[in-house]
Amino acid sequence: MAMLDNAARTSRAFRTILLAGAAVPLLVAAPALAQEDATAEDEVIVTGIRETIQTSIQAKRQSDTIIDTVSSKEIGELPGQSVGEVIATITGATIDRANYGPTEVSIRGLGSGLSLTTFNGREATNGSGDRAVNFGQFPSELFNAIKIYKTQQANLIEGGVAGLIEMETRRPLDYGRRQIQLEGKANFNPYQDKITGEGAWGWRGTASYIDQFKLGGLGEVGISIGVQRNDVNDPVERFYTSSTWFTCNAAVVSSTNCTEVTREQGNSGTPFFHASNSYLNRQMTTTDRRDAIFGALQWQPSPTIDINLDAQYSRRDYSERRNDFGTAEGRYNLRNVVIGDNNQMLSATGSATLQTISGMFERDERYLGVGGNIEWTPTDRLTVSIDGGYSRTKRLDITRQVRLRTDPFNIYGVRTEINNQRIPYSVDMTQGYLPVFTYDARFDPTNHDLFSDDARLTRSQDGRTDEIWSLRGDASYKMDGFIERIDIGGRWASRKFFGYSNDVNIDQTDLAVDRRVNLACRTPFPQTGFLADASSPSIGSYATFDVLCQFREYLGTEDPGNSGNLDSVDNSQVTEQTWAGYAMATYSGELGNIPVRGNFGVRGVRTEVTSDGFRADLDVITRPDGTILLEAGDDLTPVQIKSSSTRWLPSFNAIFDLSDKMRVRTGIYRAMSRPAPSALGAGRRIALEVDPGTGFTSVTEAIDNISATGSPRLKPTMSWNGDLAFEYYANKETLLAATLYYKRFSGGLMPFITDETFNIGGVDYQVPVTQTTNSDEQSDLYGIEVTATNRFTWLPGPLKNFGAKLSYNYAWSDFKTQDIRYGDVIESDGSVTPGLIPTAGLSGYSKHTLSFQGFYEVGSFSLQGIYRYRSRYYQAFTSNNTQLRYVEGTDTFDMTASFRLNRQVDFRLQALNLFNEPRIEYMPVVGSTRNVEFYGPQYFMSVRVRLR
């Protein structure tokens, strides 16, 4: 199977066992440490790693819910490019890592779509179309603390079934002292060093200033401001397929594209296997520049009034110069197919048109966030606050690419040795996670002369805007007796998401022009050692071209611009209005002789969704080869779909202080997570072709490729939850905690079909359009998470300077997510047709997650290593109306070493992804390789100067 080979699995198992074994003393030490007399140690002022550990343990100990946290000092000490990698060290948190850092954070093995991240208590936007936060846009120097709430309470913003990540910026008056900080960081990327003519070095510079001022009768004011520039390169070596997979009839050998098997045929016994439209390699050179500015103002005009303002702005300019090569017809003329246990294709022979694609991808992403909070304490008992915020992300992606394909003739009009546009090949997917393609020996993929046909220039423009306005008010009243405090509040938020796509395709048919451009724009393969780190043999190089040169030579310009009209039937425009209110009581008393404290309350949430889109008549365009394609007409008819939901979220939290060192926590609550804004779109996607360059044979075939871009009536995922935690605090630097948790979900996700009328070529057709809905099926999740932290002061000599933190989470769930194309489906008449492939679980759900952090600190020197493991998980695309995608489990290892020269200056060395762990994806079943990416390790060297 095209999964991790035995050697890779053995290596991973050995590393995991070795690191877990190293953690055994950590667990054994806790009871012994409970006997220690730490009085003398308590009087010592600690700094560095010890200080960060003590701060995090103390924050957890004092909280009213099940919570884990990292402090501002820990954020700066841990290895990583962004706060996302720091969050991954928190118990139960895992990251989804790309070449430029974490793309999302999961809590307790559940995907980012089931958690919520707030910035100073407010939701933040992003450019991906979901509710995750792009942690890379926030400099780590901005934050005072990051907390993960594992249980809910009524005054927390709704939206986190898995948990809530709360990011708090520094308040300058609370910081209490002046600080000027400068940091310069150099980045060395070995993969960038493989790129011809490119330097391997990048850099990041940060400057921040915090100060406080007395204003006489106007009180005191504090300010903080910071700027950062990040200029790095993150090249990727990649194998990938198209995002649409088909079930091919294994009983029929076709000399064209394989025959697709329907659900009914597959369930009746027709054998099938999964195949993609295309299989491609990609060599990629990147540039990534991010600029950020952030500031805060805190004014206390009197002891009873606290005013806070904060603002953040970031801009990211990112580009990829792409060089692709591979099969354009992955389902064509397949023979000798060997099928695996999961119906994945293990090996085959075939013939297919091969293609080279030169591309330039550019992204301009801008984030703006502003907020203000006024807190008034008119009496010792009453506190009233009001908070408002605005967050906006605008993302613009522009892709220019030129496709060239094989032909019976080369660019000079001479017949090739094969004398056919389709090149014979064989593919073997059993030699490792990277499929091995072997082409006919008469074909040389490095020969530019052979790519002479079907020249197509494509200019794609994709834009997304995500915007949130929010306002909330809270009041807290202290009381005497069992009920210590009453909190009430309300919140309003308006979120608007808009996404569009605009493609301009220009086909070239003049052979003389093709030859001239081919000769003018050839480039040598841009790097050495392409895919050399893969576990199986791979192509080392192939013919490449300069895409900007091709645009100039073909069109006379490097950028022809968009079509002029950005309105389209596949656009998404979603408006979400939220009203929420809560009441919560905080209590404290005794149960027998055991002190008990906690809170209980209820939160009510009303959500209203309005989704706007377009519909249009479709024209039938006949191609020269007799096939057809569908094209939306210019007359667009607006459509609007509305939906709403009201949910009540009760919660109860209790803390039992069994002793000074032992504590039991419990929480029972109901939680909700809303669908991604882009998943609520009302657009329709009209597939122009079967494959790029291959038309449909009939209108009936084309109808099957009309799909929905979203599901506006999709409801929030709901769950009832229970948590039971035991915590043992042996001393300030030792913690042993274990939590059992349970979630009952109100249903899974399932495709359903609605018949819609489309006018196609002047004739009305009933088109079955598939969307996603919430099923009525109940599902459960059981889990346990364990945390152990200890500094080994009980060991002799230099060994007492070692310490470690171990975090492990195990979860089991029977939640079901169906494949949109081949899973169970609700037909238009309400009946259910069984699917052909296994269901997936919750998006982001990993059964096992592990983080092991070891450190050594003596004097001014410290050394840390962080090992992270995450088992395989299903990861949904943002729209939900897609096929299933799985990500293979990963284990990564990062290190940092620091030396504090004095109180003002420290030096740091960091290394990320030392195992060079690739990202491996399967689709639509495990074992069917969809994507393999190598990023390589990265190294950082920095100096930080603090002036006071």
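Values below: all heavy atoms of this structure, side chains included; hydrogens, waters and symmetry mates excluded.
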Could you verify whether a donor N or O on one side chain and an acceptor N or O on the other, from Gln461 and Asn562, lie under 3.5 Å apart?
yes

Measuring from atom [atom1] of [X] to atom [atom2] of [Y], what distance do you get when rounded to the nearest 0.5 angstrom?
| X | Y | atom1 | atom2 | result |
| --- | --- | --- | --- | --- |
| Ile423 | Leu450 | CD1 | CG | 7.5 Å |
| Leu884 | Asp819 | CG | CG | 4.0 Å |
| Thr406 | Gln355 | OG1 | CD | 9.0 Å |
| Asp533 | Asn916 | CG | CG | 5.0 Å |
| Phe239 | Ser538 | CZ | OG | 11.0 Å |
| Glu933 | Leu531 | CD | CG | 11.0 Å |

Side chains of [X] and [Y] in contact at under 4.5 Å (non-hydrogen atoms):
| X | Y | answer |
| --- | --- | --- |
| Tyr318 | Thr287 | no |
| Met923 | Gln883 | yes |
| Arg908 | Thr896 | yes |
| Glu888 | Tyr886 | no |
| Phe497 | Thr465 | no |
| Pro526 | Asn323 | yes |

Parallel, tilted or perpendicular: which fits the ring planes of [X] and [Y], with parallel below 30° and perpendicular above 60°?
| X | Y | answer |
| --- | --- | --- |
| Tyr433 | Phe934 | tilted |
| Trp245 | Tyr279 | perpendicular |
| His448 | Phe545 | perpendicular |
| Tyr439 | Tyr425 | tilted |

May I ask you to decide whether [X] forms a salt bridge with [Y], counting only side-chain N to carboxylate O separations under 4.0 Å?
| X | Y | result |
| --- | --- | --- |
| Arg289 | Asp231 | no |
| Arg685 | Asp570 | no |
| Arg403 | Asp453 | no |
| Asp559 | Arg459 | yes |
| Asp317 | Arg315 | yes |
| Arg282 | Glu237 | no |
| Arg366 | Asp364 | yes |
| Arg400 | Glu362 | yes |
| Glu329 | Arg331 | no |
| Glu467 | Lys496 | no |

Is the side chain of [X] donor-acceptor paired with the backbone N or O of [Y] at a distance under 3.5 Å, no angle test?
| X | Y | value |
| --- | --- | --- |
| Asn187 | Tyr939 | yes |
| Thr892 | Leu914 | no |
| Ser678 | Gly129 | yes |
| Asn233 | Gln192 | no |
| Thr125 | Thr393 | yes |
| Asp466 | Lys394 | no |

Side chain to side chain donor-acceptor pair (under 3.5 Å) evaluation trace for Gln421 with Thr353
CA-CA 6 Å; Gln421 76 176 65; Thr353 301; 2.8 Å; yes

For salt bridge (Lys or Arg N to Asp or Glu O under 4.0 Å), just list the numbers for Arg290 and Asp288, CA-CA rounded to whole Å, side-chain angles, deciding distance to a tenth of an Å, and then say yes or no.
CA-CA 7 Å; Arg290 310 184 197 196; Asp288 191 354; 3.2 Å; yes

Heavy atoms only: give me the nearest Pro918-Thr890 pair and the separation to one decimal.
O-CG2, 4.1 Å

Cys549 versus Ala520, closest heavy-atom pair with distance
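Reported closest heavy-atom pair: SG-O, 3.8 Å.
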
Pi-cation contact, [Y] with [X] (under 6.0 Å, within 45°):
| X | Y | answer |
| --- | --- | --- |
| Arg870 | Tyr873 | yes |
| Arg885 | Phe877 | yes |
| Arg316 | Tyr367 | no |

With side chain to side chain donor-acceptor pair (under 3.5 Å) as the criterion, how do Asn189 and Asp193 come out once you've worked through the C-alpha distance, each side chain's angles and the decisive distance to 0.1 Å?
CA-CA 7 Å; Asn189 192 322; Asp193 202 33; over 6 Å; no

Is it true that Tyr313 and Phe294 have ring centroids separated by less than 6.0 Å?
no

After noting the C-alpha distance and the side-chain angles of Phe437 and Ile539, does the key distance pass the side-chain contact (heavy atoms from CB on, under 4.5 Å) rule?
CA-CA 8 Å; Phe437 283 81; Ile539 189 170; over 6 Å; no

Looking at Arg392, Arg464, Arg395, which one forms a salt bridge (charged side-chain N to carboxylate O under 4.0 Å, His left out) with Glu365?
Arg395

